[in-house]
2 protein chains.
Amino acid sequence: MAEEEDLAERLTTFYTTISDDLDRCMAFWLKHSHDDVNGGFFTCLEADGRVYDERKFCWLQCRQVWTYARLYQEMPRFQLPHILEAARKGADFVMKYVKEPNTSKCFLSLTREGQPIKSQRTIFSESFYVMAMAEMYRVTKDDVYKKEAMAMMKQIVQWVKVDGSGLGPRLPPPVPTSSLAVPMILLMLIDELTIMDPQHSAGYNDLAEWCLQDVLKHVQRGGVVLENVSEDGEELPGSVGRLMNPGHAIETGWVLLEQAVNKNKPELKQVALETFIMESFNRGWDDDYGGLFYFIDADDRPPVQLEWDMKLWWPHCESMVAFLMAYKHTGEHKYLKQFAKVFDYSYSHFVDFKQGEWFGYLSREGNVKINAKGGEWKGCFHVPRTLMLCEQMLKELLQKQGQT
Amino acid sequence: MAEEEDLAERLTTFYTTISDDLDRCMAFWLKHSHDDVNGGFFTCLEADGRVYDERKFCWLQCRQVWTYARLYQEMPRFQLPHILEAARKGADFVMKYVKEPNTSKCFLSLTREGQPIKSQRTIFSESFYVMAMAEMYRVTKDDVYKKEAMAMMKQIVQWVKVDGSGLGPRLPPPVPTSSLAVPMILLMLIDELTIMDPQHSAGYNDLAEWCLQDVLKHVQRGGVVLENVSEDGEELPGSVGRLMNPGHAIETGWVLLEQAVNKNKPELKQVALETFIMESFNRGWDDDYGGLFYFIDADDRPPVQLEWDMKLWWPHCESMVAFLMAYKHTGEHKYLKQFAKVFDYSYSHFVDFKQGEWFGYLSREGNVKINAKGGEWKGCFHVPRTLMLCEQMLKELLQKQGQT
């Protein structure tokens with residue numbers, strides 16, 4: 001039991017390290033990412049915060065608004081007027097430029113000034129639009145945000161469940177396919193809208209159940225989470241079918257775990273813990289160099305993604321949240337042990353203690369490959385969300401520990 | 001002069017090594033890639049040739065037809081009935097499944113059986129369709145291929161120069177942009193159609209001149225080849241504008257060099273040699289580990305492509321062709337020296353002497369990252385084309401040497 005005691009003693013260190021890191025991280029974004037001329041946020045920031053590209057990426061515009069609003073709402077030390085003001089300005093930019101008003105389709109990227117560059121035939125920009133608007137309503141109680149969130153959610157559900165043609169022309173797939181990302185993000189939106197207004201919860205029961213069933217289809221081979229399956233819940237042929245994205249499965253795991261605990265579903269809790277979180281982590285962990293692979297082939301056949309063996313920041317963020325949450329809800333030492341493993345890897349590889357925020361992209365060997373804190377896909381979201389969630393959970397755990 | 005003599009002495013070794021490698025490479029594809037059930041070619045082949053994914057990728061279907069036909073036509077030892085037969089069957093598959101008959105738009109990928117999976121809003125599948133058909137006509141003199149090649153070429157020129165809306169819906173770019181790939185591939189098609197039938201040359205003079213001017217717009221900053229520029233020939237802002245793809249610039253270099261020599265344009269020859277080939281190579285070469293980077297930022301700011309520092313087979317293929325061609329047309333030792341440098345890197349990193357074909361994807365450090373010989377983008381094309389061109393040039397050089 002010595003190891004268990006040692007780890008429990010580390011809870012204070014985890015807490016202070018993470019809390020300091022959140023301060024450094026937010027200082028970085030608040031200082032470097034605001035576009036005071038055109039509004040919105042720069043995310044292509046070098047290690048020291050210099051802007052290397054001025055485009056605005058819509059996922060990240062929305063996510064930064066969400067992060068500012070959530071921190072303002074939930075973390076007393078971030079309840080500061082300039083953070084709310086920055087969230088509001090960000091939301092203005094998002095409402096003005098991210099959404100095409102006639103179709104409600106959201107763009108993928110914009111020029112610095114807000115002119116559209118790219119669009120995608122998916123629901124992700126739209127989903128992050130909902131998250132931003134819902135959290136802004138929660139903080140401000142300004143109905144304009146709620147109206148935007150609800151209308152966009154309705155549109156997304158229509159695209160996913162009734163008619164996807166509004167997303168843009170696509171070839172019909174040879175086999176109708178379920179991608180884990182779609183039910184997973186809908187579950188997150190339902191969570192978000194329920195947090196915004198708990199009265200909505202019942203209205204989404206059917207959708208939540210549909211998402212849950214769709215997510216569970218991805219459990220194949222008696223306990224492996226595959227990223228793409230057929231709509232009938234069968235494994236797809238070839239590389240697409242064998243694809244595993246461990247970080248994504250682990251993220252889904254903690255979303256399911258929350259659902260299972262809130263709705264008191266012990267079987268779902270077990271699947272979330274053992275299949276989505278633990279099995280995906282064990283398969284994804286690189287025993288040679290440490291860290292989680294980005295993609296793997298379930299049969300160890302050649303991966304088709306060139307970046308498959310890189311270590312990305314966000315799967316490590318999701319794992320920290322997942323294992324700490326697993327520990328919180330079970331008290332089982334094995335989860336805290338894995339949390340410590342990811343914590344140790346992350347704080348010796350990703351974290352920039354001097355300038356704030358994490359590096360995003362390491363080689364398999366663990367060296368920084370892209371000397372930047374943000375880019376097209378990395379902004380003010382995964383790191384602060386993780387640090388906030390972990391800080392909150394560690395605080396709870398430490399309070400419990402103090403009580404015993 | 002000792003080094004010059006040493007290198008000249010290596011010509012024989014280069015020749016035999018490359019000639020043996022071409023035999024091994026073609027044996028690999030002939031043995032493992034043919035789909036005897038549905039026609040067409042498997043390209044997702046592991047190191048030992050096992051198929052790990054059965055999809056058919058349209059660029060690679062067309063390119064394999066071209067490779068078989070070209071080898072049959074130009075290399076006596078490959079003028080074998082089963083190679084012509086395989087080319088013909090491949091062309092049948094391509095004509096039957098790659099092109100959408102009503103629109104002439106070609107797909108990007110198909111199921112094993114030929115059902116479309118993806119389409120792209122570009123002209124590349126279509127361009128490789130032209131190459132396959134033109135070379136098939138050259139070998140067989142069967143008019144059906146010529147008709148297909150000419151009709152598709154006409155359609156491509158219409159899409160590029162008159163109206164691109166048939167390629168699919170796109171957002172209008174904030175700044176009209178020229179991507180090096182478009183004029184570059186059109187130049188290759190003009191070459192191909194001229195080889196197919198020299199009478200066509202004059203008909204393409206205007207188009208060739210337009211392509212040439214468009215390619216030369218990409219020379220910026222007094223001698224750096226950038227992948228994307230504005231249609232007006234200005235550098236674009238941000239990462240897109242600073243992007244360099246050294247292998248692609250070098251490939252363009254040897255295409256321009258051929259044009260310059262054939263049309264007796266000494267200035268163009270100089271730009272091809274010094275700017276497109278030599279400068280791109282020097283900037284792209286990794287002094288720490290050897291090999292050419294896949295992408296670089298012209299100002300050494302953070303690259304946005306996760307795979308930027310990987311060593312891919314094809315830039316090394318293009319460099320071997322470019323430097324040997326440069327040496328052939330100038331007799332200058334410095335080009336042979338660079339050829340030897342790329343040859344030595346390639347034959348100690350990419351080549352599988354035992355099982356044939358090259359590995360495609362190495363880490364920056366030079367280790368095989370994807371244990372396969374082919375995939376979605378690597379098939380029977382770059383390696384055999386390079387080996388064929390180099391074998392032909394080395395033979396010429398050795399014959400000249402023998403004469404002196």
Side-chain angles (χ1 to χ4, degrees), chain A residues 44-47 50-55 100 107-113 115-119 121 168-175 237-242 294 297 299-310 312 359-361 363-365 367-377, chain B residues 44-47 50-55 100 107-113 115-119 121 168-175 237-242 294 297 299-310 312 359-361 363-365 367-377:
Chain A
C44 290
L45 302 177
E46 298 203 33
R50 273 180 305 149
V51 177
Y52 65 87
D53 191 290
E54 294 181 341
R55 279 174 295 166
E100 211 286 288
F107 299 109
L108 182 68
S109 55
L110 310 169
T111 62
R112 176 178 179 173
E113 295 79 16
Q115 196 186 339
I117 301 174
K118 281 194 184 167
S119 188
R121 288 165 285 188
R170 298 194 80 136
L171 289 170
V175 180
S239 301
V240 170
R242 294 190 304 268
Y294 187 12
D297 181 286
D299 288 337
D300 287 326
R301 307 207 63 186
V304 295
Q305 293 79 10
L306 301 192
E307 65 275 27
W308 75 275
D309 67 352
M310 287 177 66
L312 271 64
F359 294 101
Y361 304 94
S363 68
R364 175 169 185 183
E365 294 78 7
N367 302 313
V368 172
K369 247 180 98 155
I370 296 181
N371 193 29
K373 297 291 170 47
E376 291 186 44
W377 306 102
Chain B
C44 290
L45 302 177
E46 299 203 32
R50 272 180 305 150
V51 177
Y52 64 87
D53 191 290
E54 294 181 342
R55 280 174 294 167
E100 209 288 286
F107 299 109
L108 182 69
S109 55
L110 310 169
T111 62
R112 177 178 179 174
E113 296 78 17
Q115 196 186 341
I117 301 175
K118 281 193 183 166
S119 188
R121 288 165 284 189
R170 298 195 78 135
L171 289 169
V175 180
S239 300
V240 170
R242 294 190 303 268
Y294 188 12
D297 180 288
D299 288 337
D300 286 326
R301 306 206 65 186
V304 294
Q305 292 79 11
L306 301 193
E307 65 275 29
W308 75 274
D309 67 352
M310 288 178 66
L312 270 64
F359 293 101
Y361 304 93
S363 68
R364 174 168 185 182
E365 295 78 6
N367 302 314
V368 172
K369 248 179 96 156
I370 295 181
N371 193 28
K373 297 292 170 47
E376 291 186 44
W377 306 102

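Quick caveat: nothing in here was measured; it's all calculated off a predicted structure. Chain letters run A, B, ... following the sequence lines, proteins first, then strands; residues in each count from 1.
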Next on the checklist: Just verifying a value: how many Å separate A:E376 CD and B:S239 OG, rounded to the nearest 0.5 Å?
Outcome noted: 7.5 Å
Item to check | Engaged part of A:S119 at the chain B interface, taking heavy atoms whose separation is under 4.5 Å | outcome: both
Checklist entry - Picking from A:E307, A:Q115, A:K118, A:R55, which has the most non-hydrogen pairs under 4.5 angstrom with chain B? => result A:Q115
Item to check | Shortest non-hydrogen separation from B:P174 to A:I117 and the atoms involved | outcome: CG-CG1, 3.7 Å
Item to check | Under 4.5 Å from a heavy atom of chain B, the part of A:R112 involved | outcome: neither
Next on the checklist: Using side-chain heavy atoms (C-beta onward) and a distance below 4.5 Å, is B:K369 in contact with A:R364?
Outcome noted: no
Item to check | Residue A:E113 versus chain B: region with a heavy atom under 4.5 Å | outcome: neither
Checklist entry - So, for B:I370 and A:P302, which heavy atoms are closest and what is the spacing to 0.1 Å? => result CG2-CB, 4.0 Å
Checklist entry - What option among A:D309, A:N371, A:L312, A:T111 has the most heavy-atom pairs under 4.5 Å with chain B? => result A:D309
Item to check | Proximal component of A:E54, with respect to chain B [non-hydrogen, under 4.5 Å] | outcome: neither
Checklist outcome for this item: When the 4.5 angstrom heavy-atom criterion is applied to A:V51 and chain B, the contacting part is backbone
Next on the checklist: Is A:W308 close to chain B through its backbone or its side chain, or both, or neither, when contacts mean heavy atoms under 4.5 Å?
Outcome noted: side chain
Checklist entry - Quick one: does A:L306's side chain get under 4.5 Å of B:L306's, heavy atoms only? => result no
Checklist entry - If you measure from CZ on B:R301 to SG on A:C44, what distance do you get to the nearest 0.5 Å? => result 10.0 Å
Checklist entry - Minimum heavy-atom separation for A:R242 to B:Y52, with atom names? => result NH2-O, 2.8 Å
